[in-house]
**Student:** 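Could you have a look at this structure, given as structure tokens, before my questions?
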2 protein chains.
Amino acid sequence: MKANLEDIAREAGVSKMTVSRVLRGGQGFSNETRTRVMQVAEKLGYVHNKLAAAFGSDQASTLVGMCVPRLTSGLFGHVLDGVDRALGRLGYQLMIGANNHSPQEEEDWVRQVISWRPAGLILSGRHHTPATIDLLRKAGSPVVEIWDLTTSPVDMSVGFSHADCGTEMGQYLLRHGRRRAGYVGALARADVMGQARRDGFEQAFSRAGHPMVDAEVLHDAPGFYAGYYGLETLLSRCRTLDVVYFHNDEMAIGGLAFCQSRGIRVPEDLGIAGWGGMEAAAILPRRLTTTVVPTTAIGKAAAEALVARLKGEHVQDVTVVPTRLVPGETG
Amino acid sequence: MKANLEDIAREAGVSKMTVSRVLRGGQGFSNETRTRVMQVAEKLGYVHNKLAAAFGSDQASTLVGMCVPRLTSGLFGHVLDGVDRALGRLGYQLMIGANNHSPQEEEDWVRQVISWRPAGLILSGRHHTPATIDLLRKAGSPVVEIWDLTTSPVDMSVGFSHADCGTEMGQYLLRHGRRRAGYVGALARADVMGQARRDGFEQAFSRAGHPMVDAEVLHDAPGFYAGYYGLETLLSRCRTLDVVYFHNDEMAIGGLAFCQSRGIRVPEDLGIAGWGGMEAAAILPRRLTTTVVPTTAIGKAAAEALVARLKGEHVQDVTVVPTRLVPGETG
DNA sequence: TACCCCAACGTTACCGGTAAACCTGACAAA
DNA sequence: TTTGTCAGGTTTACCGGTAACGTTGGGGTA
């Protein structure tokens, strides 16, 4: 049914090896031979078998594994897109997985993916189980950790510092006269990166002599609803806040919606700040004060670092992709 | 460096085949042998080689390919999530790609993925190039077409009818007194499914004797900005519309934002209807009238259909996953 | 006692590519 | 004429699993 190199070789009157060389665009055959082989391959509907190729020689795998925290995250959709575009152009295939912010699930995923002997791996975050790190080192293939920058990566790292995002936003809001800050987040234990932003934010206020007043962290997906009800809860406990920092833009927009429904004026009565740079945040009633993350650029940079390493080029271990605080009309 | 079955076999004093059987949890060995083999495997840090396994026997591949229109789409993020959860639990790996609404790009992707001899494929939409269909048939592996229902699938189909979505929304708006309808879309040529919704919508109004007045289709990503400016353009051409149907919720929210900025009252002056069921749409200032698509359920159903087929169970060719028109406060 | 059967293994062939080494004839230079 | 070189091939071995089948020894049964 399915043709293989040998079928083509027989039909074209050459050896298997010659067919292999022709189809991979190598050298060592005449033009005449090439056209004949190509025609036969076309005629028989030959489809290259990467399984056999990758298995037979350990150089040829074009598989790249990538693990993100959640596939439903709008931000990671863009990162995936950046990676896919950069890799796809070069003939690599992307194998994906989600770890739901759990290092243990990440380890399970890595174990699965390693068994396909991928050319490289892209992981999100810098917290991995010891077993994961052991697997990665033994596998020997290049690894890029993205999103959360680390100065001592397993191999390579592309991203930014979440703590700095929080600090920068805290300092910005302090400069604009905010003194009584609150925080609304979600998935406290799970999302270490959101926690890092919160820590950076708190630190900025503490150092300025205005420690953060209160925080509300829901055990829920960090979406619009969580932002809406999180702010409701927070304000019911503490009416004197003058600014609230949200885990991300979706939640901040939920918070904005809550303010609107209760007649709380933004930014006069309450400042609102998000994080992430959702497209929606830029056009909604009031432009949201937030930190824009260059998601696609991170994906692209990660893919390019991986490919460069695969080609044996020198790659710097740590690539910083800067975020940008965008002052809006809400804080 | 890396241990293989033979290394384990030597160390444990058994044959390669026995090790293989033990590690796959089969039969034909004593308990004593099993513990010994397991210990040695653990000690040597053995990692199963799926490449070799899938290559050696054509039964064993646990690779599933999935192609979506755009990785940045919020809706498809949820579909991916549904697929990944259902497949991951069963030990399958997901290989993804994006076709940017282009059958040609889809064909290129299928060609790449087929060369990995995947256990199955999940494609989005029902429009494929003849070469794609040919490849799929030759490959012989199960194929699920999702999102856009077809009555004559290549193999299996899971989804709903986009035309019906449009028709249903048209009829709903007609029942609520709307007579002069407009449409704002994006990526006209590329997105055949959006076009189907528009066609269904137009037909509903035509049949009722109130043909659609005007439409604006931007050659841009179907996001907030496109909705905002698309509505601006449409209304500048035609001030007497009493309802506008948008390509999707993101665009509808952009349209809402435009109305708010110009003091156009919704729904009194103008009705707004979207499609898709973004979480944001449900909580924003006014709850958006839209069609909610059960994204995760579609992903789950597709994965389950695929797995059932792989297990040789009988699977119905076409699975309808119903959408739900949600009346909001905007139309 | 002879025979069969079965658990618990071992042997062999094979999947479809690729790397590496080898071959061959034509032509040029010594 | 001999030798070297090179284009244009061919041959062989091998990757690491798995399927299919062969083997062996001990116990039950006729």
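Computation of the quantities below employed the complete heavy-atom set of this structure, encompassing side-chain atoms and omitting hydrogens, waters and symmetry-equivalent molecules. Order of the sequence lines sets the chain letters (A, B, ...), proteins ahead of strands, with each chain counted from 1.
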**Student:** Under 4.0 Å between a Lys/Arg side-chain N and an Asp/Glu carboxylate O for R10(A) and D7(A)?
**Tutor:**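 A salt bridge links R10(A) with D7(A).
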
**Student:** So does K50(B) have more than 12 non-hydrogen atoms from other groups sitting under 6.0 Å from NZ?
**Tutor:** yes

**Student:** Rounding to an integer number of Å, can you tell me how far L23(B) CG sits from dG17(D) P?
**Tutor:**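 Answer to the nearest Å: 9 Å.
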
**Student:** Hey, does the side chain of S20(B) come within less than 4.0 Å of dG17(D)'s phosphate (OP1/OP2), counting only N and O?
**Tutor:** no

**Student:** Report yes if a side-chain nitrogen or oxygen of S30(B) is closer than 4.0 Å to either non-bridging phosphate oxygen (OP1 or OP2) of dA7(C); otherwise report no.
**Tutor:** no

**Student:** Can any side-chain N or O of E145(A) pair as donor or acceptor with the backbone N or O of V154(A) at less than 3.5 Å?
**Tutor:**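 The answer is yes, because a donor-acceptor pair under 3.5 Å joins these two groups.
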
**Student:** For the aromatic rings, using the six-membered ring if either is Trp, is the centroid distance between H78(B) and F76(B) under 6.0 Å?
**Tutor:**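 Ring centroids of H78(B) and F76(B) are no less than 6.0 Å from each other.
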
**Student:** Any carboxylate oxygen within less than 4.0 angstrom of a Lys/Arg side-chain nitrogen, looking at E107(B) and R111(B)?
**Tutor:**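 R111(B) and E107(B): salt-bridged.
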
**Student:** Short question: side chain of R126(A), backbone of L149(A) - any donor-acceptor pair under 3.5 Å?
**Tutor:** yes

**Student:** Hey, is the side chain of R24(B) poking within less than 4.0 Å of OP1 or OP2 on dT18(D), counting only N and O atoms?
**Tutor:**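 Checking dT18(D) against R24(B), a side-chain N or O does come within under 4.0 Å of OP1 or OP2.
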
**Student:** Without decimals, in angstroms, what is the distance between L51(A) CG and dC15(C) C1'?
**Tutor:** 10 Å

**Student:** Starting from P on dA7(D), measure out to CG on N31(A) and report it in whole angstrom.
**Tutor:** 14 Å

**Student:** Can you tell me which nucleotide in dC9(C), dT18(D), dG17(C) comes closest to the side chain of T33(B)?
**Tutor:** dC9(C)

**Student:** Round to a whole Å and report the spacing from NZ of K16(A) to P of dC14(C).
**Tutor:** 13 Å

**Student:** Atom CG of L44(A) and atom P of dG16(C): how far apart are they, to the nearest Å?
**Tutor:** 14 Å

**Student:** Could you tell me how far apart R34(A) (CZ) and dG8(D) (P) are, to the nearest whole angstrom?
**Tutor:**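 My rounded result for the distance is 11 Å.
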
**Student:** Looking only at side-chain atoms of T18(A), point me to the closest of dG10(C), dT18(D), dT10(D).
**Tutor:**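 That would be dT10(D).
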
**Student:** Should F55(B) be counted as stacked on dC15(C), where stacking needs a ring-centre gap under 5.5 Å and an angle between planes under 30 degrees?
**Tutor:**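 By the stated criterion, F55(B) and dC15(C) stack.
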
**Student:** In degrees rounded to 10°, what angle is found between the helical axes fit to the five outermost pairs at each end of the helix from dT1(C)-dA30(D) to dA30(C)-dT1(D)?
**Tutor:**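 What I find for the helix from dT1(C)-dA30(D) to dA30(C)-dT1(D) is an axis angle of 50°.
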
**Student:** If you only use heavy atoms from C-beta on, which nucleotide in dC9(C), dG17(D), dG9(D) is closest to the side chain of F29(A)?
**Tutor:** dG9(D)

**Student:** Y46(B) vs L23(B), test: side chain to side chain contact (heavy atoms under 4.5 Å, CB included). Steps then yes/no.
**Tutor:** CA-CA 10 Å; Y46(B) 175 74; L23(B) 293 179; 3.6 Å; yes

**Student:** Between dT11(D), dG17(C), dG17(D), which nucleotide gets closest to the side-chain atoms of A53(B)?
**Tutor:** dG17(D)

**Student:** Starting at the 5' end of DNA chain D, which residue's closest nucleotide do you reach first, Y46(B) or G28(A)?
**Tutor:**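 This one resolves to G28(A).
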
**Student:** Check the phosphate of dG16(D) against N4(B), side-chain N and O only, distance under 4.0 Å to OP1 or OP2. Yes or no?
**Tutor:** yes

**Student:** Tell me the interatomic distance from E6(B), atom CD, to dG16(D), atom P, rounded to whole angstroms.
**Tutor:**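 Value for this atom pair: 9 Å.
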
**Student:** Round to the nearest Å and state the distance from K50(A) atom NZ to dC15(C) atom P.
**Tutor:**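 K50(A) atom NZ is separated from dC15(C) atom P by 22 Å.
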
**Student:** Heavy atoms from C-beta onward define the side chain here; which of dG17(D), dG17(C), dG10(C) lies closest to that of M17(B)?
**Tutor:** dG10(C)

**Student:** Give the nucleotide from the list dG17(C), dT18(D), dT10(D) with an atom nearest to the side chain of S15(A).
**Tutor:**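 Within the option list, the nearest is dT10(D).
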
**Student:** What is the minimum heavy-atom distance between A12(B) and V40(B), and which atoms define it?
**Tutor:** CB-CG2, 4.0 Å

**Student:** Side chain of R21(B), base of dG10(C): donor and acceptor closer than 3.5 Å?
**Tutor:**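 Yes.
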
